[in-house]
Asker: 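One structure, pasted below without further comment.
By convention in this document, chain letters (A, B, ...) are assigned in the order of the sequence lines, proteins followed by strands, and residues within each chain are numbered from 1. This is a predicted model, so every value here is computed, not measured.
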Number of protein chains: 2
Amino acid sequence: MDPSRLATGALRAPGRRRANVPEATVARLPLYLRALHVLAEDGHQTVSSEALAEAAGVGSAKLRKDLSHLGSYGTRGVGYDVTNLVEQISAELGLEHRCSIVLVGVGNLGRALAGYGGFASRGLAIDALLDADQGRVGEVIAGLTVQHVEHLPQVVSTGSIGVIATPALAAQEVCDLLVAAGVTSILNFAPIVLTVPDGVDLRKVDLSVELQILSFHEHRKAALTAAGASA
Amino acid sequence: MDPSRLATGALRAPGRRRANVPEATVARLPLYLRALHVLAEDGHQTVSSEALAEAAGVGSAKLRKDLSHLGSYGTRGVGYDVTNLVEQISAELGLEHRCSIVLVGVGNLGRALAGYGGFASRGLAIDALLDADQGRVGEVIAGLTVQHVEHLPQVVSTGSIGVIATPALAAQEVCDLLVAAGVTSILNFAPIVLTVPDGVDLRKVDLSVELQILSFHEHRKAALTAAGASA
DNA sequence: CTGACTTTGTGCGCGCGTTCACAAGCGCGT
DNA sequence: ACGCGCTTGTGAACGCGCGCACAAAGTCAG
Ligand SMILES: NC(=O)c1ccc[n+]([C@@H]2O[C@H](COP(=O)([O-])OP(=O)(O)OC[C@H]3O[C@@H](n4cnc5c(N)ncnc54)[C@H](O)[C@@H]3O)[C@@H](O)[C@H]2O)c1
Ligand SMILES: NC(=O)c1ccc[n+]([C@@H]2O[C@H](COP(=O)([O-])OP(=O)(O)OC[C@H]3O[C@@H](n4cnc5c(N)ncnc54)[C@H](O)[C@@H]3O)[C@@H](O)[C@H]2O)c1
């Protein structure tokens with residue numbers, strides 16, 4: 001999505017064999033990983049591309065091409081070794097070591113995120129909760145004590161991911177603080193366009209946008225059926 | 001629009017004037033709408049594509065092409081009329097009438113969503129809260145009383161959007177209930193692949209996936225800098 | 001050992017989306 | 001009235017991603 005980053009990343013690969021994993025593939029790797037965990041707990045040792053694709057909700061050809069991108073080889077006539085594949089994908093996603101997450105903004109949404117157990121289960125762990133409201137500093141949520149946002153530089157470690165769950169007005173300021181503290185990957189929940197320097201990855205989750213997209217399709221479907229009924 | 005050119009480009013153009021709006025464009029319309037609201041409150045009456053693109057974080061050419069898709073005309077040499085554009089986009093997204101939202105699963109996440117004021121501000125409004133837990137039925141959140149999920153058929157109206165915020169195990173069951181009640185647009189927060197019949201739009205928001213994508217890029221950046229340092 | 005079956009890995013064509021670049025159109029100053 | 005400059009709208013090229021279809025490769029039965 002970000003052309004500048006694509007340009008920087010694409011042009012460096014002198015002697016690299018392990019290089020270009022397409023963005024669309026990266027976005028699906030977590031889905032495969034989740035499906036594989038379910039299959040592993042079900043006792044499966046190997047999976048065919050057809051079965052795994054079914055479980056992940058994608059086409060089998062797409063899945064095979066995705067896996068071929070990260071050099072992970074299956075066995076022809078048999079399929080993929082589940083355990084091995086989990087390790088391959090986890091390694092590719094950088095989940096073999098716990099990924100540290102720093103959450104800024106412990107309001108309605110931040111509280112829900114902090115209390116969510118689904119992150120810690122697979123290599124992701126929230127390490128720190130930060131807020132600017134003194135009334136919330138000191139509060140303990142899910143075993144973590146909320147700290148003041150001034151302590152941000154001290155709780156950030158190399159490779160940390162920053163999560164912004166503050167009001168939109170404070171989001172850019174918090175974003176700048178995160179970048180200044182050395183964070184290069186940020187997930188933003190605030191409904192505002194953030195600006196980050198080159199080299200910093202920024203993703204956003206915008207619930208209003210999702211709902212409005214659905215609203216559009218609903219509206220379109222209604223218009224179509226009305227037209228069909230009148231015609 | 002020019003019907004002759006439409007005939008050249010698309011294979012079917014009998015009497016159609018309202019053309020196909022690309023999916024990628026639809027996904028950006030909410031961003032334009034948000035930026036336009038800010039501009040309107042700032043007192044701007046017209047906006048150039050350059051300025052609006054800047055505010056929405058996209059390229060100006062992309063923005064112009066997007067707007068041209070929905071037939072909304074600006075004025076050359078001046079730009080777009082802010083108020084008019086807001087109405088055009090709102091109408092296209094079906095936001096001129098309040099869009100009814102039904103939220104199923106009032107846990108950590110559902111509670112945050114229910115208490116969020118950002119939806120109601122622009123044509124979106126949560127109309128009902130549902131849960132299967134009798135201990136939560138009757139609770140009042142943000143002025144709405146939590147009802148039992150059995151009452152789902154009664155609270156669904158034509159054009160409703162369903163939101164699933166239940167545990168993954170219950171998500172497919174709830175999804176089926178929504179579909180059976182006539183809902184054709186669903187937003188899913190549960191980390192599981194849902195199956196819906198044709199004609200039903202399904203979108204998902206998966207926070208773990210977002211974080212894992214960021215983890216991948218963080219991992220890749222770390223590998224690159226390490227390689228650069230050693231080389 | 002051989003042959004047949006199963007499943008992977010991928011080459012190729014197609015359609016969508018993005019970007020560049022420019023002609024057409026509109027207002028404004030003179 | 002008339003050009004001048006600004007902005008829109010869009011034609012065209014490019015790149016990415018997806019799906020089909022098949023050859024290569026490995027397994028298993030006999
Ligand atoms: N709650 C939802 O369901 C929901 C849905 C969609 C989007 N969002 C967005 O997510 C963000 C958070 O939503 P919320 O409902 O949790 O809001 P909230 O007001 O409940 O919480 C915001 C928190 O951020 C803290 N904060 C404010 N300024 C800060 C700063 N400069 N540094 C650190 N912390 C600061 C506040 O003290 C508060 O605790 C908002 O931008 C909102 O638009 C929320
Ligand atoms: N909390 C988060 O930050 C977060 C983050 C990412 C994903 N999620 C996902 O969102 C979903 C909800 O998360 P949560 O933290 O709110 O969970 P939760 O357990 O706090 O809440 C789930 C709610 O759903 C209700 N429920 C269960 N079965 C139901 C059914 N059949 N019909 C109706 N309601 C039913 C429960 O009574 C409960 O109130 C989960 O799938 C979770 O994986 C949550």
Side-chain angles (χ1 to χ4, degrees), chain A residues 1-11 17 19-29 31-32 36 39 44-82 84-85 88 213, chain B residues 1-12 19-29 31-32 36 39 44-82 84-85 88 213:
Chain A
M1 285 304 175
D2 189 354
S4 63
R5 179 159 30 74
L6 283 180
T8 23
L11 291 183
R17 302 190 61 180
N20 317 335
V21 180
E23 195 59 32
T25 295
V26 175
R28 284 187 294 268
L29 290 181
L31 300 181
Y32 303 153
L36 284 168
L39 289 169
H44 294 73
Q45 291 191 333
T46 60
V47 207
S48 71
S49 63
E50 196 76 35
L52 183 53
E54 166 81 20
V58 301
S60 61
K62 199 189 295 191
L63 180 133
R64 289 197 297 274
K65 189 159 291 188
D66 282 343
L67 294 184
S68 75
H69 279 306
L70 47 85
S72 167
Y73 291 156
T75 308
R76 298 175 187 233
V78 176
Y80 299 89
D81 181 75
V82 174
N84 179 35
L85 204 51
Q88 293 276 341
I213 293 173
Chain B
M1 290 303 238
D2 189 342
S4 64
R5 192 172 303 110
L6 279 180
T8 334
L11 290 183
R12 48 175 74 240
N20 327 339
V21 181
E23 195 59 32
T25 295
V26 174
R28 282 187 294 267
L29 289 181
L31 299 181
Y32 303 153
L36 284 168
L39 289 169
H44 293 73
Q45 291 191 336
T46 60
V47 208
S48 70
S49 63
E50 197 75 37
L52 183 53
E54 166 80 20
V58 301
S60 61
K62 199 189 295 191
L63 179 132
R64 288 197 298 274
K65 186 154 288 190
D66 284 342
L67 294 184
S68 75
H69 279 305
L70 46 85
S72 165
Y73 289 156
T75 308
R76 296 169 190 243
V78 177
Y80 299 89
D81 182 73
V82 174
N84 179 34
L85 204 50
Q88 293 277 341
I213 293 173

Asker: Between the base of C:dT7 and the side chain of A:R76, is there a donor-acceptor distance below 3.5 Å?
Answerer: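 There is none.
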Asker: For side chain to side chain contact (heavy atoms under 4.5 Å, CB included), just list the numbers for A:S68 and A:R64, CA-CA rounded to whole Å, side-chain angles, deciding distance to a tenth of an Å, and then say yes or no.
Answerer: CA-CA 6 Å; A:S68 75; A:R64 289 197 297 274; over 6 Å; no
Asker: At what distance, to the nearest 0.5 angstrom, does CG of A:L67 lie from CG of A:L63?
Answerer: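 If we round to the nearest 0.5 Å, A:L67:CG and A:L63:CG are 4.5 Å apart.
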Asker: So, for B:L36 and B:V47, which heavy atoms are closest and what is the spacing to 0.1 Å?
Answerer: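 Closest approach of B:L36 to B:V47: CD2-CG2, 4.2 Å.
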Asker: In whole Å, I'd like the distance from the CZ atom of B:R64 to the C1' atom of D:dT7.
Answerer: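 Computing the B:R64:CZ to D:dT7:C1' distance gives 8 Å.
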Asker: If you compare all heavy atoms of A:V21 against all heavy atoms of A:H69, which two are closest, and at what distance to 0.1 Å?
Answerer: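 That closest heavy-atom pairing would be CG2-O, 4.4 Å.
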Asker: Calculate the interatomic distance between A:D66 atom CG and D:dG19 atom C1'; express it in whole Å.
Answerer: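 These atoms are roughly 13 Å apart.
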Asker: Round to a whole Å and report the spacing from CG of A:L63 to C1' of C:dT7.
Answerer: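 Result: 13 Å.
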Asker: Write down the distance between CZ (B:R28) and C1' (C:dC16), rounded to a whole number of angstrom.
Answerer: 12 Å
Asker: Between C:dG17, C:dG11, D:dT8, which one does the side chain of B:S48 approach most closely?
Answerer: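 Ranking C:dG17, C:dG11, D:dT8 by closest atom to the B:S48 side chain puts D:dT8 first.
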Asker: What about A:K65, does its side chain sit under 3.5 Å from the base of C:dG9 through a donor-acceptor pair?
Answerer: no
Asker: Testing the basics here: between A:A56 and A:Y32, what is the closest heavy-atom pair and its distance to 0.1 Å?
Answerer: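 Taking every non-hydrogen atom into account, CB-CD2, 3.7 Å.
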Asker: D:dG26, D:dC18, C:dT8: which one has an atom nearest the side-chain heavy atoms of A:S49?
Answerer: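 Nucleotide nearest to A:S49's side chain: C:dT8.
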Asker: State which of D:dG17, C:dT19, D:dC18 makes the closest approach to the side chain of B:A61.
Answerer: C:dT19
Asker: Rounded to whole Å, please give me the gap between NZ in B:K62 and P in C:dT19.
Answerer: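 The answer, rounded to whole Å, is 4 Å.
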Asker: Base, sugar-phosphate or nothing for A:G59? Non-hydrogen atoms, less than 4.0 Å.
Answerer: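 No contact.
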Asker: Using whole Å, report how far CG of A:N20 lies from P of D:dG15.
Answerer: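 The answer, rounded to whole Å, is 15 Å.
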Asker: Roughly, in whole Å, what's the span from CG in A:L52 to C1' in C:dT8?
Answerer: 13 Å
Asker: Pick the closest DNA chain D nucleotide for A:A24 and for A:T75 by heavy atoms, then say which residue is nearer the 5' end.
Answerer: A:A24
Asker: Would you mind reading off the distance between A:L29 atom CG and D:dG17 atom C1', rounded to a whole angstrom?
Answerer: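 From A:L29 CG to D:dG17 C1': 15 Å.
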Asker: Is B:Y80 close enough to D:dG9 that one of its side-chain N or O atoms is under 4.0 Å from OP1 or OP2 there?
Answerer: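 Result: yes.
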